[in-house]
Amino acid sequence: MSTPEKKVPVVKQTPPSSDETVAPPEPTATEPQPAPVPAPAPESPTPAPVPAVAPTPSVAKPKVKKPKVKKPKVAVSKKDTGKFKQYRYRTRILKGAILPILYGVVSFQMLNLYVYEFPEYYKYNIMIILLGFLLGLISISSLTFFNMLRAKKNRGNGVKLNSVIGVAIYIPFLLILLTLALFYGLALAWQFSMGFFITAIFPILIVIFYELSSKLKFFVEEIPDQPSEGRRLVAVQ
Amino acid sequence: MISRIIKSVLLLFCVIGLLFLPMSDIFLYNESMDTGFKDLIRVSSERVEHTDYHTSDISTFVNDYFIFYVPAGNSRILDNRRTYDYGGYSYRYGDYIIANLSSIQLFSYENGAEINVEWLNATAINGTIFDVENNYWIVPSTSVIKWIEDLPKPQNLKRKIRLDEYETHEIQLNNWVVGSDYRILSGVVKVTSDYPISVMHHKQYATGTVDEYGYDMINYNWDGIYSAYGKKLFTRITGDCWISALEANTIINVWDYSDKNDDVTLNLDRFEGWAYCRNAIFEQYGFDDDLVLISADKPVSIVAGLQSDQCFTQMFGKDGRDFLFPCFGKVLVHAPNGASIELEDKSGNQGSYKGTLDKGEMKIFDFKVAYKLRGYSSFEWAQLLSSEPVLVYTFANNQWYLDENAYGMISGEEYVTTYKKTTEYYSHGWVPYPADTEFKIPIRSRMHLTIINLDNSGNDLEVDFSKLHIPYKTQLKAHQPVTFDFSTDSYYSMNMIVEDTGYKQPPEWNYRDPHNRYALDHIPRIDVHDDDVEGFEFRQKVSWENITKGSTVKIESAHPVLVFINYDKDQSYYPQGVDLIPGLTPPTRRSLPDLPATIVFISGIVIAIDMVMVAIGKRSIVEVFGK
């Protein structure tokens, strides 16, 4: 179940989707850096809409509709050269965890059946599962955590999310997986991957707890049509 | 747009992978794929008719790890007045016992299979005189059976054998000397191999090629049938062979490796069988003691050997539910979990049945098979559909004999094989597997029942015979066998007794008059106190009805055991029995993965990429349909 992302002030006039919003672009490294402007707190300038109170039959009060205060659009950068969209990092992590957690849970369920119902029949290697688990725990969870930590420290501009780190994590996973599959059996590769996938639950927990503890919200900023041009993680109040 | 299409395809791939995951056999691929790649290269350059010879997966009967019990086959006196002539001199022996005439035969599928045969425990007896005429060792009556560990200098307990592709090797047990003329009599043997092999045990070995079809000598040496299930089997077939397809459009190749005169290629439909057995009218004589390779693109049920009027074997079907097999007289169906079954007697309909079996219930169906003399195989096709996995046996218990004393006799041996599930969420995917902790064994005649501990440590065992309800409890040591002798007092003057072949209690010969037969003295015995006679204990006598009319043996153990049925008591002089030994390594794929497993594996790679990319802020493929 995904967590709905809250809207943040937008520059773009087109209505954003439910989990996304538009923010001014990040200044590029080659351009002269503008004075750091605090990232906008998406909801802070906008008063929360007053919920409509349903009239109760016992108390017959005339329904007073408060005028909705429109949230002023706030530019985070002096230089408004492009259109960035902001996506809630938590929602991305949550959606990204659906497939690996499904894969891991079904795999563990299968393993559970064979191990406990047919112990003499089916053997598994706990060390291989732990290896996958440790790799996932150390790489994915720590990557998530340190990204947020850096974004928190560099709250104004956020931190650039580098694909190279992802590739650097993925290569050892792929190497171990293929080595196991080719030289030790596909079953071991499967056991390794199930340990890896089940760690997809930790980034969710890390993001949730880190947001709660730091009272910040983390957003991924990217240009919609050119996501590879620059992607950064920003922390907002 | 292109990116979205690619993501959609990847997402679809991952979803299909997730759907395939529970029903794929990915957890069965416990062997490296390099053999699969080697075969792919080899097969690409081979002639079309040889392309079947690809990697052998590990299945129940093509396996790389076997532990089994070798019974003291034919270890009985032949004739106490017999004169033995040697070199013009005549020797006379009062009583003599021949050593174990059975043999273990190994069949290899791939080049360079290093096979180790090792006795985990065994008894030995000193056979000193070789009977040239009958090709066996004679044991003096003064001989004492010893455990091999008690021999002064036990030696030669292991053998290493190297076999190439489609080679075979036969180990004759009475020629296995373990020190000071002591020869292996019985025991538990372990066979391991680096490549999958098949192992067969038969009680007597053939004395040579038999050219004359239907000649009794072949029956004398090789009576008995065995069964198997799988996609590939390299074996020895004396005469008869039945192959049943249980899936539509099954292509089967039968290669006669001995003289190439029995090669055949079959394309069978579901529940279609092929009978290649003795039939003088059709001038068909089956195989002539050939080495035969049977390979099929889908698992088939195989029954082979030489059908006799006392044969007995377990039948194997697809998922334990769909069976097509030759019935040699009667069919016994045992439903451990209860089942609705539909049994069809395809010749005459006498044995057909449609109904429900309760949990643990056994039923016997008489097919009224017509006896067709010695030059013919007497059988009828039987088809069985079951809602749950069931254990099926067929046997011919001398129903054609006029001598009522012989009626009901069975001769044969079998390792009881239950079914194990290999998929979780689907009803298919049950394979035969021999080791278990609970068995319920039907008894249909006088028999030896041996239970073998597969554990390296102690194993608590409880055995209960349904007609006595005296649980026999013991603890078996590592790989220790225990044999139960179910017999009657009326025919062979033997009671139901228990042979505990513990290491510290070597069995002794016990002479049993008036039938001039020797048997092992079984320790300890099951004694039943008779309340009618004060202070007197005697052994419980078991009647013929007790052991033929629905009696069962229930076996429970803390750790997995093997159960070996040995119907050899009714043919004491020339016991018959051939058995293909079920292996203990769970089914494993050694070839390249099949489509579901491949999709599951690749989808795992894609999901891992997605997982890493999301961690660095990218959009998951799950969000492909979002804005």
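The structure displayed is predicted, hence computed values, not measured ones. Below, each value reflects all heavy atoms present in this structure, side chains not excepted, and no hydrogens, waters or symmetry copies. By convention in this document, chain letters (A, B, ...) are assigned in the order of the sequence lines, proteins followed by strands, and residues within each chain are numbered from 1.
- Side-chain contact between B/Phe27 and A/Leu188 is absent, with no heavy-atom pair separated by less than 4.5 Å.
- Contact record, B/Ala615 with A/Ile93: CA-CD1, 4.2 Å, taken as the closest heavy-atom pair.
- Neither the backbone nor the side chain of B/Asp25 comes within less than 4.5 Å of any heavy atom in chain A.
- Two residues are said to be in side-chain contact when any heavy atoms from C-beta on lie closer than 4.5 Å; B/Arg619 and A/Lys95 fail this criterion.
- Heavy atoms only, all atoms of each residue included: B/Asn30 and A/Ala187 are closest at OD1-CB, 3.4 Å.
- Heavy atoms closer than 4.5 Å to chain A are found in the side chain of B/Asp610, but not in its backbone.
- Within the structure, side-chain hydrogen bond (donor to acceptor under 3.5 Å, both in side chains) pairs that include any residue of residues 175-184 of chain A do not occur (at least two apart or interchain).
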Between B/Met611 and A/Thr199, does the side-chain contact (heavy atoms from CB on, under 4.5 Å) criterion hold? Intermediate values first, please. CA-CA 10 Å; B/Met611 190 174 156; A/Thr199 60; 3.5 Å; yes

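- In plain terms, the two heavy atoms of A/Tyr103 and B/Leu21 that are nearest each other are O-CD2, 3.7 Å.
- For the residue pair A/Ala189 and B/Phe601, the shortest heavy atom distance occurs at CB-CE1, 3.9 Å.
- Proximity to chain A is absent for every atom of B/Leu584, based on heavy atoms less than 4.5 angstrom apart.
- Note: B/Ile616 leads B/Leu11, B/Val614, B/Ile616 in heavy-atom pairs under 4.5 Å with chain A.
- For residues 129-136 of chain A, an interface with chain B (any heavy-atom pair closer than 4.5 Å) does not exist.
- Residue A/Phe173 comes nearest to B/Ala608 through the heavy atom pair CE2-CB, 3.1 Å, listed as atom of the first residue, atom of the second, then distance.
- The contact between B/Leu18 and chain A is made entirely by side chain atoms (from C-beta outward), counting heavy-atom distances below 4.5 Å.
- Contacts of B/Leu454 with chain A are absent, with no heavy-atom separation under 4.5 Å from either backbone or side chain.
- Across every non-hydrogen atom of A/Leu186 and B/Pro593, the tightest pair is CD2-CB, 3.7 Å.
- Listed options B/Gly17, B/Ser620, B/Ser32 were ranked by heavy-atom pairs under 4.5 angstrom with chain A; first place goes to B/Ser32.
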